Amino acid sequence: MTITLKYPFSLVKERLSLVKIVQESASEEDLTALPIGTGPWKYDSINEQQVVFSPNEHYNGPFPAAAESMVWDILVDDTARTTAMSEGTVVAMESVPADAQALIEGSGATVEAVQGFNLPFLLFNTTKAPFDNNEVRQAFFYAINTDQLIQNALSGRATPATSFLPENHPNYNEAANVYTYDPAMAEELLTGAGVEDLSITLLTTDHPWITSLAPQIKNDLEAVGVSVEIQSLASSALYADNLDVDNFTFDVALAPGDPSVFGGDPDLLLNWWYGDNIWTQKRTGWNGSDGYNALHEAMDAAVAATGDEQQNAWNDAFDVLSEEVPLYPLFHRQVVTAYQGDQLQGFKPIGTTGLNFIGTTATE
C-alpha cells in the first residue's frame, strides 16, 4: 500500500498506531459486538460486567499471549474495586483511589504512580455571555486553588498545569499564561469584564475523583463573587442532554479526559479537543473565533514542519490556548496502578488510562 501526502509529515509513525486492521467482511455490528483484529488476544465474550479473552491463534507478531486466558472485570464503584484488589481476586487495577492506596499496599499489593496527560478540564459555553469573554474564563482559573485541590482530593498525585501538556512530555513548553492561585486577579478580571452577581450551574461527571473536586471549586469561585450550583451527571447525560444538543445553554462543565490513550503527539492531543469537530462546534462553541483561527494557524504550521520550527509552532499553539482557555486543564494527574507483583512478571504501570500487559507473564 502506498500513502501519498500533501507535504512532509513527521508524525506518520505515531499515527500508524491508530490504524486498526479488521476483517473486510465485518459489519459495524460485528465490530461493536465482538471485533476481530490482529493482536495477540481475541475476544471470547464482552458484556457490561466482564470481558474475556483467549490467545489469538493467528497472531504472528513479537508479543504472543503469555497465558491461557485473560479476564477483565468492569468495576465502576471504587469500594468494589478496592476490595477486589486488596483481597487478591484481581491481579492488576487501574486508577487507584487516593484514599485506598494504604489499604491496598497493606494487603501486599504494589502501588505505583506514573505522571501522565490525564486531566480534569473546565469547559465553557463560549457562545454565552459572559463566557464569550476569555478574561472571564481566565478568572475562573485564577480563582481556583489548584495546589490545595491536588492535596485534598488526590493526596498530591498530580501536577498543576503550566501548559496544555504535562511537564514530562517531550514537547512540553511552559505556556505564556500560567494560572497560579490569585483570587485578587480573578476579581480584577471579572470587574474589568463588567461581570457582577454571576450565578452559574457547574455540570460535572459522576466520576468519583471529579465529584471530589467540585466542592472546593465551588467554594473558591464563590470567594470571588461567583455563585455556583453543582449538578453531577453520568457522562452520557452530561454530553447527550446538555452539551451535544441544538441551542445549548449550559454554563460551565468539569469533566475528565485523556486522549493520550490513542497517541501522544501534540497535534493529535490538540485536535482531540480543539479540532473542527464536535468539541468546538457544540461543546465549547469556540470554532470560527479569532482564537480558534490563531490556534489552527499554529497547528497547521507545526504538522508541516520538523525540528525546532515544529516545536516553535506548537509553543505558539500552547500560548494561544493559555490565553483563550475555552477548555483547559486544571492539572495533570499521576496515573496510579496497583498490581500483584508476585503474580505478574515484567508488568509495568503506564501513564495513561488502562493497563498494558505487553511483555507480561503470569507467575501463578
Side-chain angles (χ1 to χ4, degrees), residues 98 118-167 172-205 207 209-232 250-257 273 284 286 289 291 318-334:
N118 186 277
L119 55 88
F121 57 77
L122 286 181
L123 179 157
F124 298 87
N125 178 357
T126 69
T127 69
K128 179 179 182 180
F131 312 113
D132 55 345
N133 185 332
N134 70 312
E135 292 189 348
V136 173
R137 303 193 295 265
Q138 290 176 9
F140 276 58
F141 287 93
Y142 280 119
I144 297 170
N145 189 339
T146 304
D147 287 323
Q148 186 179 74
L149 202 62
I150 291 169
Q151 291 301 321
N152 290 349
L154 296 173
S155 299
R157 297 289 200 182
T159 303
T162 57
S163 184
F164 173 66
L165 297 178
E167 295 179 13
Y172 167 83
N173 190 70
E174 183 176 299
N177 296 282
V178 176
Y179 295 96
T180 55
Y181 178 52
D182 192 341
M185 176 61 78
E187 291 178 334
E188 180 181 330
L189 288 169
L190 291 171
T191 300
V195 175
E196 296 180 359
D197 302 321
L198 177 62
S199 296
I200 70 164
T201 297
L202 178 65
L203 302 178
T204 78
T205 63
H207 296 78
W209 71 273
I210 289 292
T211 58
S212 71
L213 304 177
Q216 185 196 311
I217 291 175
K218 170 184 169 70
N219 292 339
D220 288 348
L221 291 174
E222 291 189 337
V224 300
V226 179
S227 178
V228 179
E229 177 185 349
I230 299 170
Q231 185 177 357
S232 180
F250 76 95
D251 298 322
V252 185
L254 170 69
W273 281 310
T284 61
W286 190 59
S289 66
F318 305 149
D319 289 346
V320 170
L321 281 179
S322 75
E323 179 74 19
E324 292 291 323
V325 291
L327 178 160
Y328 204 68
L330 289 168
F331 52 78
H332 296 98
R333 295 177 71 202
Q334 295 177 15

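This chain uses plain numbering: 1 for the first residue, then up along the sequence. This one's a predicted model, so the numbers in the text were calculated from it and none came from an experiment.
The two residues I210 and P120 have their closest heavy-atom pair at CD1-CB, 3.8 Å. Closest of all the heavy-atom pairs between N125 and F131 is O-CB, 3.3 Å. Across all their heavy atoms, Y181 and A143 have their closest contact at CE1-O, 3.3 Å. Taking both residues in full, the closest heavy atoms of S212 and P215 are given as O-CD, 3.7 Å, listed atom of the first, atom of the second, then distance. Of all the heavy atoms in A158 and F331, the pair that sits closest is CB-CD1, 3.6 Å. The heavy-atom pair separating P329 from A161 by the smallest distance is O-CB, 3.6 Å.
Between the CD atom of Q231 and the OG1 atom of T204 there is a distance of 8.5 Å, given to the nearest 0.5 Å. L190 CG to L221 CG: the interatomic distance, rounded to the nearest 0.5 Å, is 9.0 Å. Between atom CG of residue D251 and atom CG of residue L123 there is a gap of 11.5 Å, rounded to the nearest 0.5 Å. Of the inter-residue distances, the one linking L198 atom CG with E222 atom CD reads 11.0 Å to the nearest 0.5 angstrom. Here the CD-OG1 distance, from E229 to T201, works out to 4.5 Å after rounding to the nearest 0.5 Å.
Here the side chain of D319 pairs a donor or acceptor atom with the backbone of A176 at under 3.5 angstrom. The closest donor-acceptor contact from the side chain of Q216 to the backbone of N145 lies under 3.5 Å.
Here the side chains of Y179 and I144 are not in contact, with every heavy-atom distance at 4.5 Å or above. In this structure, S289 and T126 have side chains that are not in contact, with every pair of non-hydrogen atoms separated by 4.5 Å or more. The shortest side-chain heavy-atom distance between V136 and F124 does not fall under the 4.5 Å cut-off. Within the 4.5 Å cutoff, the side chain of I217 has heavy atoms near those of the L330 side chain. Counting heavy atoms from C-beta outward, V195 and N133 have side chains that stay 4.5 Å or more apart. Under the 4.5 Å side-chain criterion, counting only non-hydrogen atoms from C-beta, L154 is not in contact with Q334.
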Query raised in the report: How far apart are the C-alpha atoms of L254 and L122, what are their side-chain angles, what is the distance that settles it, and do they pass the side-chain contact (heavy atoms from CB on, under 4.5 Å) test?
Result: CA-CA 5 Å; L254 170 69; L122 286 181; 4.1 Å; yes
Report task. Any chance you could lay out the side-chain contact (heavy atoms from CB on, under 4.5 Å) test for Y142 and E188, step after step, and finish with the verdict? Result -> CA-CA 10 Å; Y142 280 119; E188 180 181 330; over 6 Å; no
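Here E167 pairs with T162 under the side-chain hydrogen bond (donor to acceptor under 3.5 Å, both in side chains) rule; sequence neighbours left out. Scanning for side-chain hydrogen bond (donor to acceptor under 3.5 Å, both in side chains) contacts around T159 gives Q115, with sequence neighbours left out. Scored by the side-chain hydrogen bond (donor to acceptor under 3.5 Å, both in side chains) test, N177 finds S322, E323 as partners (sequence neighbours excluded).
Taking the ring axis of W209 as reference, the NZ or CZ atom of R333 stays within 45° of it and closer than 6.0 Å to the ring centre.
Tested against K218, the residues I200, V228, L202 include a single side chain to side chain contact (heavy atoms under 4.5 Å, CB included) partner, V228. Of the candidates F164, Y328, W273, F140, W273 is the only one forming a ring-ring contact (aromatic ring centres under 6.0 Å, His included) with F121.
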